[in-house]
Amino acid sequence: MKSVYDVFRERGFIEQITDESQIRDLLEQKSVTCYIGFDPTAASLHIGSLVPIMSLAHLQRHGHRPIALVGGGTGLIGDPSGKTEMRQILTREQIDHNAGCLKKQLSRYIDFNEGGAVLLNNADWLTRLNYIEFLRDIGRHFSVNRMLAAESYRVRLEKGLNFIEFNYMLLQAYDFLHLFRHYHCLMQMGGNDQWGNMVAGIDLIRRMEEKTTYSLTFPLITTSQGNKMGKTEKGTIWLDAELTSPYEYYQYWINTEDGDVARFLALFTFLPMEEIVEVKALTDARLNMAKAVLAFEATKITHGEEAAFEAFEKTAQLFGCRSVETGLFPSSTIPRPDVIGETHIVLLPLSLSALGTSSLPIERRRLEEGIPAFELFHETNLCASRGEARRLIAQGGGYVNDRQFAAFDERIGLGDVDERGEIRLRKGKKRYVILSVR
RNA sequence: GGAGGGGUUCCCGAGCGGUCAAAGGGAGCAGACUGUAAAUCUGCCGGCGAAGCCUACGGAGGUUCGAACCCUCCCCCCUCCA
């Protein structure tokens with residue numbers, strides 16, 4: 001059987017690693033406890049945290065023990081790594097709230113009832129520290145000279161680094177020490193920008209406990225365009241279904257650039273590598289099938305199979321059903337042509353309001369009078385202002401029920417209501433709002 | 001604490017008394033081409049609108065017919081010195 005190390009290696013999870021051969025042996029021979037920290041800077045994680053999350057899930061599947069550490073304590077300080085500006089300091093209440101939310105969210109990917117996997121909050125120990133004691137016990141092991149030389153600080157030294165942030169590294173190192181002592185945690189993983197902080201922890205443990213620990217960093221995942229993962233025109237793609245609907249989530253993945261499909265399948269699904277390798281040979285329509293598989297599998301992991309299926313259906317409604325050949329990705333549970341033929345997906349359109357996120361009520365009385373198109377586009381937030389709506393429609397980007405508007409002030413009235421009592425407004429190719437008549 | 005340099009529309013960044021809703025770039029939006037991809041090309045890109053008006057250039061005052069641009073005070077950031 002493949003060790004989790006092999007899995008990380010072949011799926012592209014590894015950027016840097018402290019001691020390759022030792023870590024490989026360790027992960028092959030016994031169950032290892034390994035932790036990753038998650039910053040509670042927001043009430044939900046987003047796609048950017050998916051690589052760490054997936055890595056913990058892989059670890060667990062291979063019999064190791066993952067620790068997800070929510071940074072309720074370090075969040076009070078703010079990590080300067082990888083940031084050019086000091087970040088906003090959040091209040092204690094915000095952090096606590098966010099930490100609670102992250103716990104719930106992480107439970108969807110990692111089973112904390114199994115194999116001793118734990119979810120911890122470093123506020124539990126960091127906020128109890130005594131300053132003087134901490135300086136004497138921990139602080140003395142840190143060389144300011146070396147810290148200043150660290151990449152993560154060097155960047156900030158040009159822009160300005162606050163003392164509070166300068167301490168972040170010590171706290172993260174202390175976390176590792178704490179987890180080593182109390183949970184026998186031997187390895188820390190994290191984004192590559194965490195390298196300095198992670199190594200600081202290893203050093204601290206070596207000095208205080210005379211034991212060797214390890215770390216592994218993930219590459220910073222960008223699209224082949226060089227963009228960060230999970231940022232789109234509509235903002236961040238969150239993992240919380242309230243913030244980003246499963247449908248939008250699915251859409252994010254199906255819009256993956258050609259060159260990223262194989263890499264993303266490896267990182268963000270559990271499909272076997274033997275199947276993923278095949279992607280290299282795919283082009284055109286069949287490459288789009290691979291994107292559908294990516295979208296389906298990724299949505300399944302985050303929102304569950306049922307939600308993934310719904311997103312698949314909605315997508316079929318809006319963009320036409322392109323089913324995935326039976327031979328492609330046999331391990332994927334995405335609906336296949338034979339299944340689709342028997343169900344209602346193709347033939348019986350769902351109520352448009354079932355599209356979810358964007359159904360709004362509208363009063364019949366208003367439609368009797370007729371509403372200028374640009375006003376409605378503004379009102380429904382399809383456009384940020386009336387002016388923007390005018391321009392949009394004038395340029396041919398506005399539609400009612402798939403009919404393009406001829407003029408920006410064309411009136412929408414009862415004649416545009418379909419048999420289900422709905423009006424579909426569309427901006428460009430992809431953005432819809434459904435109005436249901438009251 | 002001292003000396004100097006800065007804070008401009010989503011971001012970077014020009015402007016330094018009227019012709020500035022503010023150059024240029026990026027991001028974004030739409031259109032064309034496509035495969036719900038990329039690249040490319042075109043148009044748009046503060047608000048309301050017919051003209052025009054309103055709101056904006058860190059904050060508060062002031063000078064002026066007129067201020068993003070000049071003066072005063074305050075806040076914030078950077079560099080050097082302590």
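Per chain, numbering begins at 1; letters A, B, ... match sequence-line order. Worth saying up front: this structure is predicted, and the values here are computed from it rather than measured.
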(Q) Once you apply a heavy-atom cut-off of 4.0 Å, does A:Thr256 come out as touching a base, just sugar-phosphate, or nothing? (A) sugar-phosphate
A:Tyr432 atom OH is separated from B:A30 atom C1', nearest whole Å, by 15 Å
request  = Evaluate the ring planes of A:Phe13 and A:Phe8, with Trp represented by its six-membered ring, and classify them as parallel (under 30°), tilted (30 to 60°) or perpendicular (over 60°).
outcome  = tilted
Q.
Apply side chain to side chain donor-acceptor pair (under 3.5 Å) to residues A:Tyr399 and A:Arg403 and explain how you reach the verdict.
A. CA-CA 5 Å; A:Tyr399 304 79; A:Arg403 188 186 93 244; over 6 Å; no
For A:Leu328 and A:Val324, the nearest pair of non-hydrogen atoms, with its separation, is CB-CG1, 4.2 Å
In whole angstroms, the gap separating C1' of B:C48 from CG of A:Asp409 amounts to 16 Å
Assert: residue with more 5' nearest nucleotide on RNA chain B, out of A:Gln395 and A:Lys291, is A:Lys291
Heavy-atom closest pair (A:Met198 atom, A:Gln188 atom, distance to 0.1 Å) is CE-O, 3.1 Å
**Prompt:** What interatomic distance, in whole Å, is found between P of B:A68 and the corresponding atom of B:U8?
**Reply:** 15 Å
Note to self: Go through it in stages, so that I can follow the logic: the residues are A:Tyr109 and A:Leu50, the test is side-chain contact (heavy atoms from CB on, under 4.5 Å), and I'd like the CA-CA distance, side-chain angles, deciding distance and then a yes or no.
What the structure shows: CA-CA 10 Å; A:Tyr109 304 87; A:Leu50 226 38; 4.2 Å; yes
Whole-Å distance, A:Lys427 NZ to B:U36 P, equals 20 Å
Applying the 3.5 Å cut-off to both distances, the Watson-Crick or G-U partner of B:A56 turns out to be none
Next on the checklist: Taking 4.0 Å as the cut-off, does a side-chain nitrogen or oxygen of A:Arg391 come that near to OP1 or OP2 on B:G47?
Outcome noted: yes
query: Is A:Ile254 touching bases, backbone alone, or none of the nucleic acid, heavy atoms closer than 4.0 Å?
result: base
Q: Can you tell me, in whole Å, how much space there is between the C1' of B:A38 and that of B:A51?
A: 44 Å
Applying the 3.5 Å cut-off to both distances, the Watson-Crick or G-U partner of B:A3 turns out to be B:U79
Problem - More than 12 heavy atoms of other groups within 6.0 Å of A:Glu368 CD - result: yes
Any strand, both distances under 3.5 Å, Watson-Crick or G-U wobble: B:G18 pairs with B:C65
* To do: Using the P atom on both, measure B:U55 against B:G61 and round to a whole Å.
  => 15 Å
Taken to the nearest whole Å, CG/A:Leu392 to P/B:C29 is 12 Å
- Taking only side-chain nitrogens and oxygens of A:Arg390, does any of them come within less than 4.0 Å of OP1 or OP2 of B:A50? yes
For B:G49, the nucleotide meeting Watson-Crick or G-U wobble distances (both under 3.5 Å) is none
In whole angstroms, the gap separating P of B:U36 from CE of A:Met289 amounts to 12 Å
- Query: How far, in whole Å, is B:A23 from B:C57 if one measures between their C1' atoms?
  - Reply: 14 Å
message = Please give the distance between the C1' atoms of B:G46 and B:C29 as a whole number of Å.
response = 15 Å
For the P atoms, the ones on B:C70 and on B:G15, what distance do you get once it is rounded to whole angstrom? 12 Å
**Message:** Categorize A:Glu388 for me: base, sugar-phosphate, or nothing, with a 4.0 angstrom heavy-atom threshold over every strand shown.
**Reply:** nothing
Taking atom C1' in both B:G17 and B:U63, what distance in whole Å separates the two?
11 Å
Subject >> Charged N-O contact under 4.0 Å between A:Glu379 and A:Arg386 >> reply: no
Determine the Euclidean distance between corresponding C1' atoms of B:C81 and B:G59; express it in Å to zero decimal places. 29 Å
Numerically ordered, the residues 375-386 of chain A set in heavy-atom contact under 4.0 Å with RNA chain B is A:Ser385, A:Arg386
note: A:Leu265, atom CG; B:A37, atom C1'; distance rounded to Å ~ 14 Å
Scanning all shown strands, the Watson-Crick or wobble mate of B:A30 with both distances under 3.5 Å is B:U42
side-chain contact (heavy atoms from CB on, under 4.5 Å) between A:Asp39 and A:Asn98, intermediate numbers included: CA-CA 9 Å; A:Asp39 271 349; A:Asn98 293 348; over 6 Å; no
Taking for A:Leu287 and for A:Gly387 the nucleotide of RNA chain B with the nearest heavy atom, the one nearer the 5' end belongs to A:Leu287
Worksheet item: Parallel, tilted or perpendicular: which describes the rings of A:Tyr174 and A:His178, with under 30° parallel and over 60° perpendicular?
Response: tilted
**Prompt:** Reckon A:Tyr399 has a side-chain N or O less than 4.0 Å from the OP1 or OP2 of B:G31?
**Reply:** yes
#### Entry: Ring centroid separation A:Phe176 to A:Tyr35 under 6.0 Å
yes
### Query
Between A:Gln251 and A:Thr315, does any side-chain donor sit less than 3.5 Å from a side-chain acceptor?
yes
Could I get a table of every N or O pair under 3.5 Å where one atom is in the protein and the other is in nucleotides 54-57 of chain B?
none

Against the side chain of A:Lys429, the closest entry in B:A37, B:U34, B:A30 is B:U34
query: Can you find a side-chain donor-acceptor pair between A:Glu310 and A:Tyr250 that sits under 3.5 Å?
result: no
Rounded to whole Å, CG of A:Asp258 lies from P of B:U36 at a distance of 12 Å
